[in-house]
Protein chains: 2
Amino acid sequence: MEAISINKFKGNAMRNRCQWRKRLKGRGYRLTISREAIINALRSTDKHLSAEDIYLTLHSKYPEIGLTTIYRTLELLDQMGIISKFDFGDSRARYELSGDYGNKAHHHHLICTNCLKIIDYTDFIDDELELLNKTQKELSGKYNFDITGHLIRFYGLCDECKEEKNT
Amino acid sequence: MEAISINKFKGNAMRNRCQWRKRLKGRGYRLTISREAIINALRSTDKHLSAEDIYLTLHSKYPEIGLTTIYRTLELLDQMGIISKFDFGDSRARYELSGDYGNKAHHHHLICTNCLKIIDYTDFIDDELELLNKTQKELSGKYNFDITGHLIRFYGLCDECKEEKNT
DNA sequence: ATTTATAATGATAATCATTTTCATTGTATA
DNA sequence: TATACAATGAAAATGATTATCATTATAAAT
């Protein structure tokens with residue numbers, strides 16, 4: 001019984017590894033320990049990690065992985081469209097697995113301008129999609145642009161920071 | 001006749017200067033030559049200038065104005081809500097006069113991911129406003145956020161870069 | 001006009017995230 | 001097992017932005 005479920009896990013992990021290996025290989029890249037670890041770090045959180053966040057997260061288990069490798073891998077994954085790079089205004093890039101690869105639904109961000117807390121929201125995605133399609137069609141025609149992506153976000157004061165201001 | 005129109009111009013510039021002086025004074029700041037020059041640099045373009053852009057623009061006429069002052073003034077104007085700071089992905093901040101102070105209508109940006117060309121578009125602002133209001137109301141309730149602003153932008157390949165790819 | 005308090009400035013140095021360099025190591029394939 | 005080349009880490013370089021500090025400009029009061 002236990003053996004079975006362990007094998008299942010092993011099987012899943014293996015299948016996973018093979019998938020990633022294939023994806024990278026398609027572009028002439030290799031799936032290394034470092035890259036796998038970085039991908040897994042991003043897969044196992046819903047936070048928006050910076051390069052240094054990832055470095056620190058991995059450092060106890062993989063002390064060999066240097067910051068440079070993190071930067072290089074993030075660049076690679078970004079190029080491949082596997083992760084998305086964001087600037088939330090704290091002068092460092094932050095990343096999350098994008099659409100197909102992540103475990104989060106399509107979402108946008110709600111950002112506190114005071115403490116930089118980030119909330120992923122998924123409301124009105126349908127209404128939004130309608131507007132986006134409409135806009136996108138108009139814009140691509142008018143300006144002869146091939147539109148490949150969009151960014152929507154709201155800024156404001158979060159729950160806690162709002163209260164702080166009243167104190 | 002000519003005298004009159006010259007006086008008119010002078011009068012306008014003077015009125016303008018007084019308005020800006022008042023705005024700054026309200027916060028305990030002074031309207032200096034540097035600050036006026038920086039504001040005018042922003043007022044007389046529809047481009048999205050970086051600190052260095054402004055520095056170079058002004059340098060021939062005002063060689064005394066240093067980069068530091070540009071940064072400080074931009075920070076100041078941003079705090080006051082007079083300009084908006086953007087990151088378009090070329091690792092330097094870019095600025096434009098915001099809403100009430102600029103000569104541009106409410107708009108968003110269309111950004112070429114290849115050459116970083118930026119196009120201001122004003123289409124569908126009404127539809128957009130409707131969606132934004134709806135979303136904003138929902139989000140501020142759900143997450144107890146005071147929403148103060150939003151960002152919408154589209155990414156893609158511009159006219160020229162599209163062709164390049166085919167060559 | 002002169003004084004006075006303080007805001008603004010420029011030159012310079014410091015920061016800090018990100019990139020580059022380069023010598024070394026790991027890995028897939030012949 | 002040899003070969004070609006991808007991947008890596010350490011260290012240096014880069015480049016935008018910020019902090020420091022001594023000096024200068026300015027508004028308001030005398």
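Just the heavy atoms: all of them, side chains too, but no hydrogens, waters or symmetry mates, feed the values below. Owing to the predicted nature of the structure, the values given are computational and were not obtained by experimental measurement. Quick note on labels: first sequence line is chain A, next is B, and so on, each numbered from 1.
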*Considering non-hydrogen atoms only, spot the tightest contact between Asn114(B) and Cys161(B) and give its length.*
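Heavy atoms only, the tightest pair is OD1-SG, 3.2 Å.
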Distance, rounded to the nearest Å, where [X] contributes [atom1] and [N] contributes [atom2]:
{"X": "Leu74(B)", "N": "dT9(C)", "atom1": "CG", "atom2": "P", "answer": "12 Å"}
{"X": "Lys85(B)", "N": "dA16(D)", "atom1": "NZ", "atom2": "P", "answer": "14 Å"}
{"X": "Ile54(B)", "N": "dT17(D)", "atom1": "CD1", "atom2": "P", "answer": "11 Å"}
{"X": "Tyr55(A)", "N": "dA17(C)", "atom1": "OH", "atom2": "P", "answer": "13 Å"}
{"X": "Glu64(A)", "N": "dA7(D)", "atom1": "CD", "atom2": "C1'", "answer": "14 Å"}
{"X": "Arg92(B)", "N": "dG15(D)", "atom1": "CZ", "atom2": "P", "answer": "10 Å"}
{"X": "Ile70(A)", "N": "dA7(D)", "atom1": "CD1", "atom2": "P", "answer": "15 Å"}
{"X": "Arg21(A)", "N": "dG26(C)", "atom1": "CZ", "atom2": "P", "answer": "16 Å"}

Classify [X] by what it touches in the nucleic acid, base, sugar-phosphate, or nothing, heavy-atom distance under 4.0 Å.
{"X": "Thr68(A)", "result": "base"}
{"X": "Arg72(B)", "result": "base"}
{"X": "Ser34(B)", "result": "sugar-phosphate"}

*Hey, are Glu128(B) and His108(B) close enough side-chain-wise for a donor-acceptor pair under 3.5 Å?*
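Yes, a side-chain donor-acceptor pair sits under 3.5 Å.
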*Rounded to the nearest 0.5 Å, how far apart are OG of Ser84(A) and CG of Leu151(A)?*
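Between Ser84(A) OG and Leu151(A) CG, I get 10.0 Å after rounding to 0.5 Å.
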*Kindly state which residues belonging to residues 22-33 of chain B come within less than 4.0 angstrom of DNA chain D, counting heavy atoms of the residue only, listed by number.*
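Contacts with DNA chain D under 4.0 Å: Lys25(B), Arg30(B).
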*Do any side-chain nitrogens or oxygens of Tyr71(B) fall under 4.0 Å of OP1 or OP2 in dT17(D)?*
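The answer is yes; a side-chain N or O of Tyr71(B) sits under 4.0 Å from OP1 or OP2.
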*Can we say Lys85(A) and Glu75(A) salt-bridge, meaning some charged N sits less than 4.0 Å from an Asp/Glu carboxylate O?*
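Result for this pair is no, no salt bridge flagged.
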_N-O pairing of Lys162(A) and Asp146(B) below 4.0 Å_ =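 Asp146(B) and Lys162(A): salt-bridged.
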*asked:* Assuming nearest nucleotide by heavy-atom distance, tell me which of Asp90(A) and Arg35(B) is located more 5' along DNA chain C.
replied: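 Its nearest nucleotide lies further toward 5', so the answer is Arg35(B).
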*Yes or no on salt bridge (Lys or Arg N to Asp or Glu O under 4.0 Å) for Glu160(B) and Lys117(B), after CA distance, side-chain angles and deciding distance?*
CA-CA 10 Å; Glu160(B) 289 142 28; Lys117(B) 185 189 302 160; 3.4 Å; yes
Please output the side-chain donor-acceptor pairs of residues 90-97 of chain A that fall under 3.5 Å, not counting sequence neighbours, one pair per line with the distance.
| from | atom 1 | to | atom 2 | distance (Å) |
| --- | --- | --- | --- | --- |
| Asp90(A) | OD2 | Arg94(A) | NE | 2.9 |
| Asp90(A) | OD2 | Arg94(A) | NH2 | 3.1 |
| Arg92(A) | NE | Asp90(A) | O | 3.4 |
| Arg94(A) | NH1 | His48(A) | O | 2.7 |
| Arg94(A) | NH1 | Asp53(A) | OD2 | 3.0 |
| Glu96(A) | OE1 | His48(A) | NE2 | 2.9 |
| Glu96(A) | OE1 | Lys104(A) | NZ | 3.3 |
| Glu96(A) | OE1 | His109(A) | NE2 | 3.3 |
| Glu96(A) | OE2 | His107(A) | NE2 | 2.8 |

